[in-house]
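The structure appears below as structure tokens.
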There are 2 protein chains.
Amino acid sequence: MPDQAETRFTRIQQKNRDAILMAALTVFSAGGFKGSTIDQIAEAAGMSKPNVLYYFTSKDEIYQTLLQQLLATWLAPLRRLDPAGDPLNELLEYVRAKLCMARDFPHESRLFAHEILEGAPQLRDILTTKLKPLIDAKVAILNDWMNRGAIRRTDPHHLIFSIWALTQHYADFETQVHAVLGPGHDPYAEAEPFLNNLYRRMLTVDP
Amino acid sequence: MPDQAETRFTRIQQKNRDAILMAALTVFSAGGFKGSTIDQIAEAAGMSKPNVLYYFTSKDEIYQTLLQQLLATWLAPLRRLDPAGDPLNELLEYVRAKLCMARDFPHESRLFAHEILEGAPQLRDILTTKLKPLIDAKVAILNDWMNRGAIRRTDPHHLIFSIWALTQHYADFETQVHAVLGPGHDPYAEAEPFLNNLYRRMLTVDP
DNA sequence: CAGATTATTGACCGGACGGTCAAAGTCAGG
DNA sequence: CCTGACTTTGACCGTCCGGTCAATAATCTG
């Protein structure tokens with residue numbers, strides 16, 4: 001690929017890069033970084049291995065590009081948490097949004113899980129420089145809500161962890177969920193009222 | 001290794017097999033099956049690669065032996081759920097036991113997470129033939145408790161999923177948890193009262 | 001201690017994989 | 001249609017890795 005310092009990508013470049021990233025998401029999310037090969041990505045993208053390496057200089061660059069893209073969309077629902085909104089509704093809406101993301105973007109969830117599970121070799125810095133400040137800000141909002149008595153007092157960090165764990169579980173452990181539920185179940189449809197009820201019970205202040 | 005159809009393992013065999021399995025647990029839990037090499041296991045076990053393959057016929061056999069061992073201990077707390085005990089206490093005790101397992105055996109948790117995340121290529125059968133019946137039995141107990149009004153009615157399958165998700169999260173996403181909390185936190189010590197409160201709120205029936 | 005069995009390892013093999021390269025194919029503008 | 005830049009790929013290279021083997025060391029047994 002020619003040097004592209006200033007110009008935008010051409011139509012073909014855009015199309016092929018997108019195809020590669022889409023294919024790589026599927027492949028990486030299933031097998032992790034080391035468990036996936038450029039050949040698999042190339043086949044899933046419908047092109048030859050050298051052509052994949054014509055648009056990305058290495059397997060690593062594909063993976064990192066994917067993670068960067070992912071992170072932005074992954075944290076969007078949390079960013080939307082509005083300090084001016086109704087506390088309980090804001091939180092229940094956040095839970096709902098995260099559950100929808102697990103349902104609609106399971107590959108993204110599993111890619112992220114793989115990365116963290118292996119010690120976040122690529123994301124470690126970003127977790128402390130980008131994620132922690134964001135969480136700290138949201139924790140402050142939660143603390144404020146709790147101080148005002150709008151929601152029941154509980155550990156705000158672990159409240160956020162619980163939301164992540166309970167929603168992403170359905171994407172990350174999909175195989176297990178399906179095996180245990182057996183056929184004829186829609187895990188996400190069942191999880192929505194379950195989680196809604198759980199957080200409503202937990203966060204509503206006693207009369 | 002000589003054919004050992006009937007006899008028990010000798011002292012040396014027992015010691016070396018244990019050392020290999022211990023080392024393999026650490027290595028596999030960090031990198032998954034494909035992300036780990038026999039050389040890494042050999043080095044962690046303090047012996048040469050051919051010697052590792054003298055005690056186990058292949059990398060795959062090490063992995064499967066590890067999974068088999070793991071599964072038994074992993075499901076033990078759930079098996080202990082006693083239909084004759086006090087429902088709320090039984091469940092809170094199960095949550096506490098699972099949280100202790102995540103704290104004391106994080107490698108086991110992550111090995112299991114890797115396996116499920118990659119679609120459970122080795123465990124798929126066991127999940128439906130062994131795990132599902134166990135869960136079905138425990139779900140029946142939960143349903144009975146709910147019918148008797150001993151705990152609040154909710155979806156029993158998803159109640160179990162939630163316990164798994166909320167406890168294993170601290171082991172599987174340890175890197176993220178530490179990055180977000182920053183130094184000076186003991187995630188497990190904080191999680192215990194949080195989860196105790198959560199499930200107490202959720203399961204206690206209104207007066 | 002002798003002899004047989006068990007334990008250990010350096011050297012090696014074959015295949016898979018990340019990445020390179022040169023040659024061939026394709027496309028846009030004049 | 002021609003030219004030059006962009007795109008595509010078959011063939012190849014070096015490395016890593018799972019696994020084998022023969023030769024050596026350690027251990028057990030009579």
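In what follows, chains are A, B, ... by sequence order, proteins preceding strands, each numbered from 1.
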For a quick check of understanding: with a heavy-atom distance under 4.0 Å over all strands, which category does B:Thr37 fall into, base, sugar-phosphate or nothing?
sugar-phosphate
Under 3.5 Å between N/O atoms: give me all the protein pairs with nucleotides 19-26 of chain C, atom names plus distance.
from, atom 1, to, atom 2, distance (Å)
C:dG19, OP2, A:Lys59, N, 2.8
C:dG19, O6, A:Lys49, NZ, 3.0

Under 4.0 Å: is that the gap between some side-chain N or O of B:Asn51 and OP1 or OP2 of C:dT9?
yes
Enclosure of A:Phe105 CZ (heavy-atom neighbours >12, cutoff 6.0 Å):
no
Nearest listed nucleotide, side chain of B:Met47, among C:dT9, D:dT7, C:dT8
C:dT9
Would one find a side-chain N or O of A:Tyr54 under 4.0 angstrom from OP1 or OP2 of D:dT8?
no
So, is A:Arg11 near the phosphate of C:dC27, with a side-chain N or O under 4.0 Å from OP1 or OP2?
no
Mind calculating the distance between CD (A:Glu43) and C1' (D:dT9) to the nearest angstrom?
16 Å
B:Gln13 side chain N/O closer than 4.0 Å to the phosphate oxygens (OP1, OP2) of C:dA7?
yes
Any B:Thr10 side-chain nitrogen or oxygen under 4.0 Å from OP1 or OP2 of C:dA7
yes
Carboxylate-amine/guanidinium contact A:Arg110 A:Glu174, below 4.0 Å
yes
Taking only side-chain nitrogens and oxygens of B:Tyr55, does any of them come within less than 4.0 Å of OP1 or OP2 of C:dT6?
no
Could you tell me if A:Tyr170 and B:His158 have a donor-acceptor pair between their side chains, going purely by distance under 3.5 Å?
yes
Check against side chain to side chain contact (heavy atoms under 4.5 Å, CB included), A:Leu159 and A:Leu203
CA-CA 10 Å; A:Leu159 177 59; A:Leu203 296 172; 4.1 Å; yes
Figure out the CZ/P separation between A:Arg17 and D:dT8, and round it to whole Å.
13 Å
Would you mind reading off the distance between B:Phe28 atom CZ and D:dC17 atom C1', rounded to a whole angstrom?
13 Å
For the pair made of CZ in B:Phe9 and C1' in C:dA7, what is the distance, rounded to whole Å?
15 Å
When the nearest nucleotide of DNA chain D is assigned to B:Ile12 and to A:Ser48 on a heavy-atom basis, which residue is associated with the more 5' position?
A:Ser48
Residues B:Leu131 and B:Leu75: closest non-hydrogen pair is CD1-CD2, 3.8 Å
Give A:Phe56 one of three labels, base, sugar-phosphate or nothing, depending on what nucleic acid heavy atoms sit under 4.0 Å from its own.
nothing
For the residue pair A:Phe28 and A:Tyr63, does the interplanar ring angle fall in the parallel (under 30°), tilted (30 to 60°) or perpendicular (over 60°) class?
perpendicular
Answer yes if the side chains of A:Glu192 and A:Asn196 hold a donor-acceptor pair under 3.5 Å, and no otherwise.
no
Would you mind telling me which residue lines up with the more 5' stretch of DNA chain C, B:Lys34 or B:Asn16, judged by nearest nucleotide?
B:Asn16
